[in-house]
2 protein chains.
Amino acid sequence: MSISTELPSTHNHSNCINAALTMATQLCVERGVQLTSIRQQVLELIWTNHHAVKAYDLLERIKPLQSAAKPATIYRALDFLMAQGFIHRVESLNAFIGCCDLKTAHEQLLLICKQCKNVEERHADVVMQALVQELQNANFIAHSKAIEIQGICENCSQTLNTEIPA
Amino acid sequence: MSISTELPSTHNHSNCINAALTMATQLCVERGVQLTSIRQQVLELIWTNHHAVKAYDLLERIKPLQSAAKPATIYRALDFLMAQGFIHRVESLNAFIGCCDLKTAHEQLLLICKQCKNVEERHADVVMQALVQELQNANFIAHSKAIEIQGICENCSQTLNTEIPA
DNA sequence: AATTGATATGTTATATTGTAACAAATTAAC
DNA sequence: GTTAATTTGTTACAATATAACATATCAATT
């Protein structure tokens with residue numbers, strides 16, 4: 001049995017990378033902050049695919065480019081990218097993904113596929129509105145919201161279904 | 001300025017502890033699994049209050065009772081207690097809390113107060129229903145759901161409001 | 001161009017969180 | 001009582017993250 005570890009073939013990933021980098025560059029100019037080469041390299045490495053990436057994997061991957069890189073190098077870049085909203089931390093994986101929606105910067109739903117490791121970010125406005133209402137009911141002042149769902153994505157469950165004989 | 005780190009005075013915490021231990025004991029009998037003394041002690045230590053507790057803090061706290069305790073001692077007990085649904089892992093804190101709702105065992109909303117460190121578990125049925133619908137829309141098969149909100153709880157924001165002069 | 005202040009990076013060391021692997025002990029079932 | 005399964009002890013280490021301080025870079029002003 002083969003297992004899908006890819007996104008649908010309709011997905012042209014270079015579009016994702018280009019859009020993210022262009023947008024980040026533009027926003028940094030607007031905000032008067034510096035997208036230094038280390039920060040840009042880390043952002044590009046995170047955007048290698050739609051998997052969540054671990055800090056120490058980033059460290060290994062950046063070493064050919066930045067031979068002096070140490071853990072702090074990566075964590076500082078990650079802190080910057082998170083502060084700017086360019087990436088998300090996936091709490092349940094201790095890992096990081098690129099943010100797919102830099103314009104609205106809503107906090108969103110993360111669908112984490114255990115099979116292919118892709119993480120999909122969804123708007124889920126209905127869920128978010130219900131959540132905001134519930135937080136009001138609780139008189140809770142939210143600073144950050146993380147909704148992380150672990151399971152099997154559509155693509156993987158279809159692949160499994162069609163490849164396992166009855 | 002004083003800062004509240006307590007629950008409202010209406011809260012009688014020994015009720016929480018007793019209920020949790022009684023229920024856990026009963027469920028272990030029903031399920032034919034062993035609530036050994038280590039496991040029970042860890043569960044009690046988690047229920048010391050409504051804060052999320054870190055594994056290594058539990059290790060320090062259990063040492064007077066179990067002098068041979070090592071990290072694995074704690075992590076095994078935590079694994080057991082999670083498998084039985086007696087505790088939750090708080091992903092965004094790398095910490096653990098007692099589950100307040102052993103009967104229904106719904107996955108719930110965690111409200112994490114940065115001020116007093118208490119973690120409140122809420123049913124939030126509307127949110128959960130919206131979430132289930134959204135997951136159906138996405139054709140995502142969920143195995144676990146974590147909704148973790150960081151912020152300031154009702155009690156702390158009231159305390160702050162009344163104690164900071166205008 | 002030199003000075004300054006702010007920001008970013010280099011570097012070392014260490015803290016924190018979590019697991020693997022195998023031996024020994026305990027418990028439950030026969 | 002013997003056996004099989006489960007639990008615990010123990011050692012070692014892997015993986016994740018931060019503290020602290022030195023150095024370098026950059027941009028704005030003298």
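Since we're looking at a predicted model, the values are computed, not measured. Within every chain, numbering begins at 1; the chains are lettered A, B, ... in the order of the sequence lines, protein sequences first and strands thereafter.
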*Asks:* Nearest of dT16(D), dT8(D), dT19(C) to any side-chain atom of Y75(A)?
*Replies:* dT16(D)

*Asks:* Side chains of R39(B) and Q34(B): is there a donor and an acceptor less than 3.5 Å apart?
*Replies:* no

*Asks:* Over all strands shown, is A72(A) touching base, sugar-phosphate only, or nothing at heavy-atom distances under 4.0 angstrom?
*Replies:* base

*Asks:* Counting a pair only when it is Watson-Crick or G-U and both distances are under 3.5 Å, which runs of at least 3 such pairs involve DNA chain C?
*Replies:* C:1-30 with D:1-30

*Asks:* Look at the side chain of T36(A) and decide which nucleotide, out of dT19(C), dT9(C), dG9(D), has an atom nearest to it.
*Replies:* dT9(C)

*Asks:* Look at the side chain of F96(A) and decide which nucleotide, out of dT8(D), dA17(D), dG10(C), has an atom nearest to it.
*Replies:* dA17(D)

*Asks:* Rounded to the Å, how far apart are Q41(B) CD and dT7(D) P?
*Replies:* 16 Å

*Asks:* I want to check one thing: is the phosphate of dA15(D), taken as OP1 and OP2, less than 4.0 Å away from some side-chain N or O of N94(A)?
*Replies:* no

*Asks:* Taking CD1 from I74(A) and P from dT16(D), how many angstroms apart are they, rounded to a whole number?
*Replies:* 13 Å

*Asks:* How long is the line joining CG of L78(B) and C1' of dT17(C), in whole Å?
*Replies:* 12 Å

*Asks:* Side chains of H50(A) and E120(A): is there a donor and an acceptor less than 3.5 Å apart?
*Replies:* no

*Asks:* Tell me yes or no: between the side chains of N49(A) and H13(A), is some donor less than 3.5 Å from an acceptor?
*Replies:* no

*Asks:* What nitrogen or oxygen pairs link the protein and nucleotides 26-30 of chain C at under 3.5 Å?
*Replies:*
none

*Asks:* Within the modelled atom types, does a donor on one side and an acceptor on the other bring the side chain of R76(B) and the base of dG9(D) under 3.5 Å apart?
*Replies:* yes

*Asks:* With the side chain of K54(A) defined as its heavy atoms from C-beta on, choose the nearest nucleotide among dT7(D), dT16(D), dT11(C).
*Replies:* dT16(D)

*Asks:* For L35(A) and dC26(D), give me the distance from atom CG to atom C1', rounded to whole Å.
*Replies:* 16 Å

*Asks:* Consider the side chain of R39(A), meaning its heavy atoms from C-beta on, and name the nucleotide among dT7(D), dT9(C), dT19(C) that approaches it most closely.
*Replies:* dT9(C)

*Asks:* Will you find, in the side chains of Q129(A) and D125(A), an N or O donor that is under 3.5 Å from an N or O acceptor?
*Replies:* no

*Asks:* How long is the line joining CD of E60(B) and C1' of dT16(C), in whole Å?
*Replies:* 12 Å

*Asks:* For R89(B) and S92(A), which I'm curious about, is there any donor-acceptor pair between the side chains at under 3.5 Å?
*Replies:* no

*Asks:* Would you find a donor on one side and an acceptor on the other, under 3.5 Å apart, between the side chain of K70(A) and the backbone of A68(A)?
*Replies:* yes

*Asks:* Taking atom types as they are modelled, would you say the side chain of Y56(A) forms a donor-acceptor pair with the base of dA17(D) within the 3.5 Å cutoff?
*Replies:* yes

